Amino acid sequence: MAKQTSPNIANLRNAMMEDKDYEEVRRLCGEVPEGPLQIISSYDDTVLHMAAHSKQEDLVLDLLNMIPEDRNHKLSHIKNSEGNTILHELASSNDMEDGARELLKRAPNLLTGRNNLGEESIFCAARHGQTRMFRLLAEEMKLEELNPEESKAHLQRNDGTTVLHVSVATECFYLALFIVEKCPYLVEQRDQSSMTALQYLACNPTAFRRGEIQIRQGFMELLNKSKFLNKSKIEVQQGGLVQLFSEIYKILL
């Protein structure tokens with residue numbers, strides 16, 4: 001049986017990954033054993049993984065509609081070799097919001113699925129600087145209703161890095177502002193190198209280039225005012241936090 005289906009799987013792989021012939025992908029998914037959940041890459045990506053990764057939202061929606069209701073449970077368990085679910089792939093782009101909503105209708109527990117790094121999908125949205133997707137996933141998981149300890153469990157990966165760390169590291173300050181406003185307790189969180197998000201900022205000179213100063217200043221003001229920030233306990237190599245703020249404001253203003 002496997003020998004009979006392998007040519008179709010090979011054709012499906014070529015249509016999806018090389019020819020990008022999405023109409024052919026739709027047709028061939030009806031002819032392979034697992035349909036849209038068929039693995040087609042050496043990294044254990046399914047057709048749906050690849051459609052999400054390629055940012056083909058219409059294709060994702062069509063493929064999801066091909067999955068019978070009694071097989072929706074499989075969506076929660078399918079991961080590629082990096083441990084990424086289909087929602088992890090969708091989370092990397094703001095343009096895939098409708099795909100994420102439809103997927104979560106079918107498999108809501110994907111919200112808390114983790115990859116090999118311990119990242120939930122909302123973390124992937126932050127890592128890729130996708131503010132709209134981050135907000136969508138935060139709403140879906142009712143993040144604001146969780147207490148700080150429950151929330152941190154969703155917003156931190158295995159090495160201690162938080163969504164605030166990565167949004168600062170990638171200079172996505174609009175997202176960083178949103179995170180600080182909604183989750184101020186992340187300000188004090190340290191990664192495996194014992195660094196806070198503020199220390200990430202201090203170590204990144206490109207973050208203080210002219211242009212978009214207002215958003216960076218707003219982010220710094222929120223950090224400075226945060227009741228969770230214990231200035232007396234946080235130090236950086238070049239001196240105390242108060243001195244750091246003083247120098248940053250000189251640059252920003």
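Owing to the predicted nature of the structure, the values given are computational and were not obtained by experimental measurement. Because only heavy atoms are used, hydrogens play no part in the values below, and waters and symmetry mates are left out as well, while side chains stay in. Here, residue 1 is the first one in the sequence, and each next residue gets the next number.
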- Message: As a test of understanding, state which of R127, R157, R114 forms a salt bridge (Lys or Arg N to Asp or Glu O under 4.0 Å) with E120.
- Response: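 Among R127, R157, R114, the one meeting salt bridge (Lys or Arg N to Asp or Glu O under 4.0 Å) with E120 is R114.
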For [X], what residues pass the salt bridge (charged side-chain N to carboxylate O under 4.0 Å, His left out) criterion, not counting sequence neighbours?
X	result
R26	E23, D62
E149	K152
E139	none
D44	none

- Do D45 and N80 have side-chain N/O donor and acceptor atoms under 3.5 Å apart?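 Present: a donor and an acceptor within the cut-off.
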- Are Y185 and S151 close enough that a side-chain donor and a side-chain acceptor fall under 3.5 Å?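 Yes, a side-chain donor-acceptor pair sits under 3.5 Å.
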- Using atom types as modelled and distance alone, determine if a side-chain donor or acceptor of R132 lies under 3.5 Å from a backbone N or O of N94.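 Present.
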- Shortest non-hydrogen contact from K74 to L37?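 In this case the closest contact between K74 and L37 is CB-CD1, 3.9 Å.
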- Rounded to the nearest 0.5 Å, how far apart are CD of E140 and CG of L87?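 Taking CD in E140 and CG in L87, the distance rounds to 9.5 Å.
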- Which pairs pass ring pair (Phe, Tyr, Trp, His ring centres under 6.0 Å) with one or both residues in residues 146-167, sequence neighbours excluded?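 Qualifying pairs: H165-Y200.
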- Task: Can you sort out the partners of N109 under side-chain hydrogen bond (donor to acceptor under 3.5 Å, both in side chains), two or more places apart, ordered by chain and number?
- Result: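 In terms of side-chain hydrogen bond (donor to acceptor under 3.5 Å, both in side chains), with neighbours along the sequence ignored, N109 is linked to S76.
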Is [Y] close to [X] at the side-chain level, that is, under 4.5 Å between some pair of heavy atoms?
X	Y	answer
H49	I78	yes
R190	Q199	yes
S93	E57	no

